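Source: prediction; values computed, not measured.
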Amino acid sequence: MGIGELDREAHVPEATSAGAAPRTLAEALRARDDEGLAALLRARPDLLSPVPNDLTQLATRAGTRGSVVRALERLDRFALQTAEALAVAPDPAPYPVLLALLAGDEGDPAIEAALPGAVALLREQALVWGEDDRLRLVRTARELLAPSAQHPSPTGLGPTVAEATAGMSPGRVQEIIAAAGLPATHDPVSAVAALTELFTDRARMGALLDEASPEALSVLDRLVWGPPYGEVTANPAPPVRWLRDRGLLLPVSARTMVLPREVALHLRGGRAHRAPEPVAPVVEVAREYRPQVVDSAAAGQAYTALATVEELLKSWDQGGPQVLRAGGMSVRDLKRTAAALDVTEQVAAFWLELCFGAGLLASDGEADERYAPTPAYDEWLDLPPAERWARLVAPWLTATRAPGLVGGQDAKGRTLAVLGPDLDRGAAPEVRHRVLELLATLPPGAAADPGTVFARLRWERPPRGAAQPVPPRAPQAAARTDETTGTGTGTRPEVHDDLRSRLARWTLAEAELLGLTGRGALASPARALLNLPLAEASTPTDHGGRVELSVAAGRAATLLAPLLPEAVDHVLLQADLTAVAPGPLRRPLADALAVLADVESKGGATVYRFTPGSVRRALDSGRSASDLHDFLAAHSRTPVPQPLAYLIDDVARRHGHLRVGAASAYVRCDDDAVLGEILADRRSAALGLRRLAPTVLAAQTDPASLLDGLRSMGYAPAAESAEGDVLVTRADAYRTPARTAPAPVPEGPPVPDTTLLGAAVKAIRAGDRAATAVRKEPAAPAASAGGLPRTSAAETLATVQAAAMTGTAVWIGYVNAEGAASQRVIAPVRVEGGFVTGYDHTADEVRTYPLHRITGVAELADDQV
C-alpha cells in the first residue's frame with residue numbers, strides 16, 4: 001500500500017458531527033475516550049515511537065505494514081480467525097455476515113458468545129473500525145490476510161468470481177452463464193453478477209450441484225478446504241470439464257484452475273474456517289499431589305540448585321575456560337563442565353547461562369580472555385540460602401537468553417555456543433511468565449499436562465504460518481494432476497515445534513531445576529514471585545498494580561526459607577579418612593572443609609575424603625598442622641581418628657621442606673641429600689635441574705610447573721616469595737573486574753507505563769485539536785500551497801497583538817531553526833522584543849516564538865475560539 005492510500009484512510013478533511021458514523025480510521029479514533037486511546041497505545045506500543053502529533057498521524061501509523069504485522073502476530077487464534085474472515089467478507093461487512101462466515105449456516109453458540117469480544121479486541125487495537133453494520137478491516141490487514149495466488153489465505157479460500165473472471169473474454173463469460181442455466185446478458189459485468197448471485201443462492205446452487213457426477217463432486221471435495229488451486233492437463237477429464245464449463249472451476253492460467261470463493265463457502269456450509277476455535281483450550285491436570293509435598297520437593301530442588309551453582313563457580317576459582325574468538329565457550333569445555341557436574345550438556349548450559357544472567361559469571365577481559373566468577377559471586381555467597389535462590393530466579397524470569405538453543409544453528413549455519421551471542425529471544429520472558437501463570441490456574445498441588453499447556457499457548461499466540469495452505473508455485477497450483485479426474489490437491493504443513501512451544505518446554509524443565517515447581521506443580525514461592533494468590537490464601541490478591549520484581553522475589557524467599565534444610569555446624573569424622581556432613585554446612589565450615597578435603601559423594605549427607613593432596617592444599621593456604629587439628633576437633637561430633645591425625649602430621653612434616661622460587665625457577669633445601677636424590681631421579685629430567693649450590697637447584701621450567709613436577713614425584717614442596725617467605729595461595733583469589741549482569745534484549749518496544757500513556761494521550765489530543773481547528777476564511781488568499789498561512793510582518797504583528805489583548809487563539813505557520821515548517825494554534829499573552837509568548841494548544845504548554853519565524857497568522861472560526 002502506498003503512502004497516498006494510507007493518507008486517504010487516515011485523513012480527516014473536517015470534523016464529523018456528533019453521533020455520525022466514522023468515515024475513516026482517524027474519525028473512529030477521534031470518537032474514543034482517553035481510556036480507549038490508552039488501551040490502543042498499550043496494546044501497540046510501537047505507535048508511540050515517537051509520540052504522534054495528532055490522531056490523523058496516529059491512524060496513519062497504525063495502518064503501516066510493520067505495525068499491522070506486529071499487531072496481527074499478537075492476536076489469539078479466534079481474534080485472528082475473525083480478522084481472516086473479515087478479509088474474505090465484503091468491505092464493509094455487516095456483523096451478521098461476519099457471524100455467518102464464522103458460525104456457518106447451522107450456527108454455533110460458542111462462536112456467537114465469543115465473537116463480540118473478538119471484534120471488540122480488533123477495534124481496540126485499531127485493526128477494525130466502523131459500526132457493527134459497516135465493519136471495516138484496516139486496508140493493510142486486508143492485503144495481508146486476503147487470499148491471492150501469491151499469498152494464500154489461512155482460510156483456504158480462493159478469489160471471488162469477479163476476481164477470477166477479471167480479464168476473461170466476454171464470450172467466454174457468456175458461455176459459462178449459459179452452461180449454468182442463466183439467461184444471456186448484455187455485458188460481462190452483469191453476467192458476472194448473475195453468476196455470483198447463483199453461487200450464493202443456497203437453493204439454486206444445490207440444484208446445480210445435484211446435476212454433478214460423483215467424480216465431479218469428489219474434485220470439489222479435494223479443493224473445498226484448500227488449497228483452492230489445481231493443475232489440469234491439456235485435455236481434462238469429463239468431470240473437470242463439466243465443472244469448468246459451469247464456472248464451478250475457473251481458469252487462472254492454461255494449466256491451472258481455481259475454486260471460486262462463493263462455491264467453496266456453499267460447500268463449506270458458509271464457514272470461512274474448517275475448525276473455528278472460539279474457546280481457549282483448557283489446561284488439564286496430569287496428576288495431583290498434596291501442596292505440602294509439592295513445596296517440599298521444590299525446596300529440595302532449590303537447595304540442589306544452590307549447591308550446583310556453588311560447585312560450578314568454585315571449580316572456576318582459579319579461572320575458567322577460555323572465551324572463543326566469536327564469543328562463548330567451546331563444545332569441549334561444555335562437555336567437561338557437564339561431566340564435572342554429572343549432568344547432560346543441555347543442563348550444564350542452563351546452569352552456565354543462569355550464572356551469567358545473574359551476574360555471577362563473566363569474562364575477565366584480559367588478552368588471554370577466560371571466564372571466571374565475578375565479585376558479585378562472593379557477595380552472593382554471604383547471603384542466606386533463600387535470598388541466594390531469589391537472586392537466581394528473578395533474573396531467570398526476565399532474561400531473554402534461551403539456553404535451550406545451545407547446540408543448534410543460527411541462520412548462517414553456525415553452531416550456537418553457550419555464553420555466546422545470538423541466544424537472545426525476545427519472547428522468552430513472556431513465555432516463562434505465561435507458562436507459570438497457566439500452572440497457577442490449576443488447583444494447589446496439581447501438575448499440568450504439558451501437551452495442553454503447549455496447546456493453550458499456541459491458541460493464545462498462533463505460530464506464524466501455522467496451518468496455512470501450501471502456496472501455489474507461481475502461477476501453478478500446489479496440487480498435482482490426477483490421471484483420472486484431471487486435478488488434485490496439495491498438503492498442508494503442520495507446525496509442531498515453533499519457537500514459543502520450545503520456550504515453553506524449556507521453561508517447564510528449568511522451573512523444575514530451579515525449584516519453582518515440584519513434581520510438575522507450581523510451588524508457593526513461585527506464586528509469590530509472580531505476585532499470584534498463594535495456594536493457601538482464602539481470597540485472591542489485588543493484581544491491579546504491578547509489584548516490583550525485587551519485592552516479589554523477597555516474598556518468595558521468605559516463603560522458601562522455612563522449607564530449606566537447616567545448616568549444621570559439625571561433621572562426623574570416620575576412621576577411613578572420610579567425614580560425613582549430616583546436612584548442609586554453614587558457610588565458614590563448608591569453605592574450610594572444601595579446602596581440607598575432597599567431596600566424594602553428594603546427597604542427603606555429603607561425604608568428604610581426606611587425601612595427602614587435600615591436606616597439602618590446606619597447608620598451602622596458610623594453615624599449620626596444629627590449626628588443622630584444632631579445626632577438626634572443634635567441628636567433629638566424633639573423636640579425630642588416629643589415621644587422619646597421622647596423615648596431617650606426615651604431610652605437614654614434609655611440607656615446605658623444599659622451597660621453589662623464580663630463577664626461571666629454583667629449588668632450595670637445607671638437606672643437600674634430598675636435592676641429590678632429586679637430581680638422581682630419572683623423572684626429574686624434564687625439569688632441567690642443575691645444582692647451583694649444595695642447597696640450591698636451578699630449573700629450566702617455570703615455578704608452577706616445577707611445583708607440579710616435584711609433587712608428582714612424591715615430594716611436598718612449597719612456593720616462596722622473593723623475600724624467602726612461604727607463599728599462601730587461596731582458592732578464591734581470582735575474580736573478574738566488577739561486571740554488570742547482561743541486560744535483556746526485549747522484543748520490540750517496551751509496554752509504556754501509566755504515566756507515559758497519560759502524557760502521550762494528552763499530547764495527541766492537544767495536537768489533534770490544533771490540527772482540526774476551523775479557521776476563518778481570509779479576505780485574500782492567506783495560505784501557501786503547503787497549507788501554512790502567509791501574511792506580511794506588519795499583519796502578523798497586528799494580529800497577534802490583537803489576539804493578546806482579546807485573549808483569543810490564532811492559527812500560525814512557524815518555521816524552526818532547522819527549517820522544518822509546522823502549523824500551530826496559540827493563544828498569545830504577551831508580544832514584546834520581537835517575540836510572542838502564548839499558550840500553544842498543539843504542544844499543550846506555554847511557549848515563546850520569534851516573530852520573524854512566523855510565516856503568517858489567521859484567525860480561528862468563531863465556534864473554535
Side-chain angles (χ1 to χ4, degrees), residues 22 25-26 28-29 31-48 58-59 61-64 66-89 91-103 108-142 144-146 154-155 272-273 275-281 427 430 433-434 437-438 456-464 466 500 543 747-749 751-752 757 761:
L25 175 59
L29 295 179
R32 293 190 182 190
D33 56 14
D34 289 351
E35 291 183 1
L37 287 180
L40 168 61
L41 297 176
R42 185 182 298 108
R44 299 175 63 178
D46 58 288
L47 301 180
L48 272 176
L58 175 62
R61 194 178 297 172
T64 57
S67 181
V68 170
V69 168
R70 282 190 290 269
L72 291 175
E73 288 176 348
R74 300 187 70 84
L75 295 176
D76 62 57
R77 189 179 298 278
F78 186 63
L80 184 59
Q81 288 180 332
T82 302
E84 292 164 355
L86 275 173
V88 299
D91 187 28
Y95 183 87
V97 172
L98 175 62
L99 177 60
L101 283 171
L102 289 167
D108 188 328
I111 293 178
E112 293 175 7
L115 185 56
V119 173
L121 177 63
L122 295 174
R123 273 205 189 102
E124 177 186 285
Q125 300 196 16
L127 295 171
V128 168
W129 58 277
E131 303 298 329
D132 281 354
D133 59 339
R134 294 178 63 84
L135 293 173
R136 290 184 180 273
L137 192 64
V138 172
R139 184 181 292 108
T140 307
R142 177 174 289 274
L144 290 168
L145 299 177
T155 61
H273 294 87
E277 298 182 56
V279 180
E430 179 190 352
H433 274 277
R434 189 57 187 148
E437 287 172 351
L438 289 176
R456 176 62 173 265
L457 290 175
R458 284 193 294 269
W459 185 91
E460 293 180 346
R461 194 71 56 81
R464 186 182 303 178
R500 290 177 63 86
H543 303 291
E747 184 180 41
V751 178
L757 284 176
V761 170

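- Between Arg42 and Glu35 no salt bridge is recorded (no basic side-chain N to carboxylate O distance below 4.0 Å).
- For Glu460, the salt bridge (charged side-chain N to carboxylate O under 4.0 Å, His left out) partners two or more places apart in sequence, or in a different chain, are Arg434, Arg456.
- For the atom pair Arg70 CZ and Leu47 CG, the distance stands at 8.5 Å (nearest 0.5 Å).
- Proximity of a side-chain donor or acceptor of Trp459 to a complementary backbone N or O of Pro278 within less than 3.5 Å is not detected.
- Closest approach of Leu98 to Leu86, counting heavy atoms only: CD1-CG, 3.8 Å.
- A distance of 11.0 Å separates CG in Asp132 from CG in Leu99, rounded to the nearest 0.5 Å.
- Taking the side chain as every heavy atom from C-beta outward, Thr82 and Val119 approach each other to under 4.5 Å.
- Listed by chain and number, the residues in a salt bridge (charged side-chain N to carboxylate O under 4.0 Å, His left out) with Arg44 amount to none (sequence neighbours excluded).
- Closest non-hydrogen pair, Arg136 versus Pro92, comes out as NH2-CD, 3.6 Å.
- Counting only heavy atoms from C-beta outward, the side chains of Leu75 and Leu122 approach each other to under 4.5 Å.
- Side-chain contact between Asp91 and Leu137 is absent, with no heavy-atom pair separated by less than 4.5 Å.
- Here CH2 of Trp129 is found 10.5 Å from CG of Leu135. Values are rounded to the nearest 0.5 Å.
- Inter-residue side-chain proximity for Gln81 and Thr155 is flagged as unmet; no heavy-atom pair is nearer than 4.5 Å.
- Salt bridge status for Arg461 with Asp76: absent, with no side-chain N to carboxylate O gap under 4.0 Å.
- Arg32 places no side-chain N or O within donor-acceptor distance of the main-chain N or O of Leu37, the cut-off being under 3.5 Å.
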